[in-house]
Participant: 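Handing you this structure, nothing more for now.
Just so we're on the same page: letters track the sequence lines, and every chain starts at 1.
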2 protein chains.
Amino acid sequence: MKPVNLKKLAQELNLSIATVSRALNDRYDISQPTKDRVRALANKLNYEPNHHASSLRRNKSKTIGVVIPEVDNHFFSLAIKGIEEVARRNNYHVLIYLSHEDYQRELAVMRLLASGRVDGVLLSVASESQDFAHLDLLRERGIPVVLFDRVYAGKDMPKVTTDDYESGYRATQHLLEAGCRVIAHLTIAHTLSISQRRMQGYQAALQQFRVPYDEELVVCEAAGKPQSASLPQTLLTQRPDIDGIFAAVESLAMSSYEACHNLGLRIPKDVKIIGFSNLKTASLLAPPLTTITQPAYEIGKEAASVLFQAVVKNRLVSAAQSKELKSELIVRASTASTTLSSKEPVALALALGR
Amino acid sequence: MKPVNLKKLAQELNLSIATVSRALNDRYDISQPTKDRVRALANKLNYEPNHHASSLRRNKSKTIGVVIPEVDNHFFSLAIKGIEEVARRNNYHVLIYLSHEDYQRELAVMRLLASGRVDGVLLSVASESQDFAHLDLLRERGIPVVLFDRVYAGKDMPKVTTDDYESGYRATQHLLEAGCRVIAHLTIAHTLSISQRRMQGYQAALQQFRVPYDEELVVCEAAGKPQSASLPQTLLTQRPDIDGIFAAVESLAMSSYEACHNLGLRIPKDVKIIGFSNLKTASLLAPPLTTITQPAYEIGKEAASVLFQAVVKNRLVSAAQSKELKSELIVRASTASTTLSSKEPVALALALGR
DNA sequence: TTGAAAGCGCTACCAC
DNA sequence: GTGGTAGCGCTTTCAA
């Protein structure tokens, strides 16, 4: 019932606890025969070192914390996959916390993590987050933090992001080139720098094409609110002149599809839609969705790698370690140019499997 | 830089370490004024108890481990959400491990967890798992384990599953009622009881409808192998008489769609498809996919609840604690009966947004 | 090459 | 009510 510990091993082997410990840690000052004997017994008794004891002693937990707004979202689950991958390679464990887009929760979690429970933290901030005192708290304790995707713009800390400005620009440009002139932009929390950058790209593209910026066309989802699902529908009803939608997050692209269905608007003929998304099924939608796809898995891996540089070297890293990865524009039928309508029936038939 | 500890607080307050500890733990034998003084300073200095020290001392880690085959899958990410929810309510932390469908990894993780690092474990087994010695290991250590979704059939331990037999039956029945007579069943690892039960439901429904069971129509995906994506296509090519597909996992339903597109087969006219899936976009696919949807979030919550019963009461639980939740059959266009073809153009136009 | 012993930060037992 | 102290299991000086 009670797990075997060093004492038990030492007794059985007539060795001291210290020797057993060193043998198991493969220290150079222990003879090979002793090492072998110790290892053999440890294996036989299924010895596993007590993690809390060694963490306490070494002041290293071999654990990182990951704090994300939500997990039922392809972007974050892929990022976790990448993070777990790197952590495992470094023999690290991964604690997961969901902020549910709630700054209070994020704060509470970060406070907990400040107590030496983890050697480092990966954070993608909640959309409500405005204050970042909690980051300083970890910094004071010497616990490195790397932000990914949803980051605080100003802070001097390493961030792993994507080219959100360029992506916003390209998405909007793509719609404009496809003939759209009244382009709605659906986004989340203005406070997020990620949203701001996508939006700036949107504005820049409009300007480039000499399309006036219309504030009414930019709608921001209140974080985690249920009404957000109906947001596109409300907008499309109020502004029937909209002929393009640029959704800054996957969920808004999906509710735009639903809104079009409900309102009898044809995609892409009446409204063209492009959205940030990591949906594997984007190409199987009706019609297939044109996406800006972030390299979510790579972001996770990259963020974890940057963190481990800090963790291993045991020092705080700065904004200088930041990385920016490129998102990919994947053109599909939802933004097919109306001038290509002669080809449309074929494409549609294919999409339908007809 | 160094985190504040009890010693520091005790010094500043001219109290003993013991008193400070008890004050912070709100013990009855400490006077209110003292508690207030201690709390005030602790707050001011951002004191957070050292988790490893108290875990070591109390022999309680306030942490559970979650071991799943993969995370980039709606079922598991929703389950995690449910688990995290319950854990948080119990003031517990959640460690995440991905087995990547690899038994060796699963084993290695379970060994690690046997060392008192966690107070309990939630496990959804890798498809390759055949041996379960690692479960006994945790049992010996008194660490409760609850299996969810992908479970070991025989073991006397609590399991949280869905009505897989009934779901398999209903899915197949649904296809049969829609007119299918040559129904392929795409599944994963035969060794999983979950697969076996779905398959038994499939067989039972066939028998009920006096449709002979054809072994060739049952194809099993080799876990995590890249060829699995092309599996439906190979099958549909070899057996052009197939008029229905029952996919036991989401990914196989998706590759069936792709296969149909590639082969020019019309869904649902030529082939009807039903699949287990937690895809939020099922209704937006071309055509909308009929699904068996498992209550993933609830499974996570339920599994965690069962685990916490054991963790709190500090005893192992048995199979008697098992729960079975119901999956839901959501009928959509991918299995629309061919006799309804008069309505089809409308449905399709809607699906297309035309 | 091995052993003895201190101590990581905390809790719990026993005094007073 | 409060303080002293032992000890959770481990690592790591320092001695031998």
Side-chain angles (χ1 to χ4, degrees), chain A residues 1-39 41-42 45-63 112 114-119 141-142 314, chain B residues 1-39 41-42 45-63 112 114-119 141-142 314:
Chain A
M1 195 78 179
K2 254 188 81 179
V4 273
N5 51 23
L6 289 183
K7 195 163 142 195
K8 176 85 175 280
L9 292 181
Q11 273 168 228
E12 304 251 327
L13 292 164
N14 272 323
L15 285 172
S16 74
I17 293 175
T19 306
V20 176
S21 170
R22 277 175 295 201
L24 290 170
N25 288 318
D26 203 17
R27 291 295 242 274
Y28 65 97
D29 54 1
I30 300 291
S31 73
Q32 197 55 48
T34 308
K35 282 184 185 173
D36 293 341
R37 271 190 1 147
V38 172
R39 297 242 184 83
L41 185 67
L45 300 184
N46 282 318
Y47 169 78
E48 286 292 332
N50 182 305
H51 174 258
H52 300 298
S54 71
S55 291
L56 177 60
R57 185 60 234 259
R58 287 210 234 234
N59 202 24
K60 269 266 177 191
S61 65
K62 287 260 172 196
T63 306
L112 275 179
S115 67
R117 201 187 202 313
V118 295
D119 298 343
R141 302 284 198 264
N314 205 15
Chain B
M1 196 77 180
K2 252 187 83 181
V4 273
N5 53 23
L6 290 183
K7 196 163 142 196
K8 177 84 175 281
L9 292 180
Q11 273 168 227
E12 304 251 327
L13 292 164
N14 272 323
L15 286 171
S16 74
I17 292 175
T19 305
V20 175
S21 171
R22 277 176 296 195
L24 289 170
N25 289 319
D26 203 17
R27 290 297 241 274
Y28 67 96
D29 55 358
I30 300 292
S31 73
Q32 197 55 49
T34 308
K35 281 184 185 172
D36 294 341
R37 275 189 15 172
V38 172
R39 298 242 184 83
L41 185 68
L45 300 184
N46 282 317
Y47 168 79
E48 286 293 332
N50 182 306
H51 174 260
H52 301 297
S54 71
S55 291
L56 178 59
R57 187 57 235 258
R58 288 209 234 235
N59 202 25
K60 268 266 176 192
S61 65
K62 287 257 168 199
T63 306
L112 275 180
S115 67
R117 200 186 203 314
V118 295
D119 299 342
R141 302 284 198 264
N314 206 13

Participant: Name the residue closer to the 5' end of DNA chain C, choosing between B:Arg27 and A:Leu15 according to the nucleotide with the nearest heavy atom.
Facilitator: A:Leu15

Participant: Taking the side chain of B:Asn50 as heavy atoms from C-beta outward, which of C:dG3, C:dC10, D:dT2 is closest to it?
Facilitator: C:dC10

Participant: What class does the angle between the rings of B:His52 and A:His51 fall in, given that below 30° is parallel, 30 to 60° is tilted and above 60° is perpendicular?
Facilitator: perpendicular

Participant: For B:Asn59, look at atom CG and say whether over 12 heavy atoms of other residues, nucleotides or ligands are found less than 6.0 Å away.
Facilitator: no

Participant: Counting only heavy atoms not in B:Lys60, do more than 12 sit closer than 6.0 Å to its NZ atom?
Facilitator: yes

Participant: Among C:dT2, D:dG9, C:dC14, which is the nearest nucleotide to the side chain of B:Arg22?
Facilitator: C:dC14

Participant: When you check the phosphate oxygens OP1 and OP2 of C:dG3, does a side-chain N or O of A:Ser16 lie under 4.0 Å from one of them?
Facilitator: yes

Participant: Counting only side-chain heavy atoms from C-beta out, which of D:dG3, D:dG9, D:dC10 sits nearest to A:Pro49?
Facilitator: D:dC10

Participant: May I ask you to say what A:Tyr28 touches in the nucleic acid, namely base, sugar-phosphate or nothing, with a heavy-atom cut-off under 4.0 Å?
Facilitator: nothing

Participant: Indicate, with a heavy-atom threshold strictly under 4.0 Å, whether A:Ser21 touches base, sugar-phosphate, or nothing.
Facilitator: base

Participant: Whole Å only: how far is the CD atom of A:Glu48 from the P atom of D:dC10?
Facilitator: 11 Å

Participant: Using atom CG of A:Asn59 as one end and atom C1' of D:dT12 as the other, report the distance to the nearest whole Å.
Facilitator: 14 Å

Participant: Report the distance from atom CD1 of A:Ile17 to atom P of C:dA5, rounded to the nearest whole Å.
Facilitator: 12 Å

Participant: Is a side-chain donor or acceptor of A:Ser115 paired with a backbone partner of B:Asn50 at a separation under 3.5 angstrom?
Facilitator: no

Participant: What integer distance in Å separates A:Leu24:CG from D:dC10:P?
Facilitator: 9 Å

Participant: When we call it a touch if two heavy atoms are under 4.0 Å apart, what does A:Asn5 touch: a base, just sugar-phosphate, or nothing?
Facilitator: sugar-phosphate

Participant: Begin with the C-alpha distance, continue with both residues' side-chain angles, and end with the deciding distance and a verdict on side-chain contact (heavy atoms from CB on, under 4.5 Å) for A:Arg37 and A:Val20.
Facilitator: CA-CA 10 Å; A:Arg37 271 190 1 147; A:Val20 176; over 6 Å; no

Participant: Ignoring backbone atoms, test whether B:Thr34 places a side-chain nitrogen or oxygen under 4.0 Å from the OP1 or OP2 oxygen of D:dT2.
Facilitator: yes

Participant: When the nearest nucleotide of DNA chain D is assigned to A:Asn25 and to B:Lys35 on a heavy-atom basis, which residue is associated with the more 5' position?
Facilitator: B:Lys35

Participant: Please report the distance, rounded to the nearest Å, between CG in A:Asn14 and C1' in C:dT1.
Facilitator: 16 Å

Participant: For B:Ser31, answer base if it contacts any base atom (sugar-phosphate contacts may also be present), sugar-phosphate if it contacts only those atoms, and nothing otherwise; contact means non-hydrogen atoms under 4.0 Å.
Facilitator: sugar-phosphate

Participant: Does A:Tyr47 put a side-chain nitrogen or oxygen below 4.0 Å from OP1 or OP2 of D:dC10?
Facilitator: yes

Participant: Between atom CG in B:Leu9 and atom C1' in C:dG9, what is the gap in whole Å?
Facilitator: 12 Å

Participant: Determine whether a donor-acceptor pair (N or O, by modelled atom type, separation under 3.5 Å) exists between the side chain of A:Ser61 and the backbone of A:Arg117.
Facilitator: yes

Participant: Go through C:dT2, C:dG3, D:dG9 for me and flag the one nearest to the A:Asp29 side chain.
Facilitator: C:dT2

Participant: A:Arg58 CZ to C:dA6 P: how many Å, rounded?
Facilitator: 22 Å

Participant: Roughly how many Å is it from NZ in B:Lys62 to P in C:dC10, rounded to a whole number?
Facilitator: 16 Å

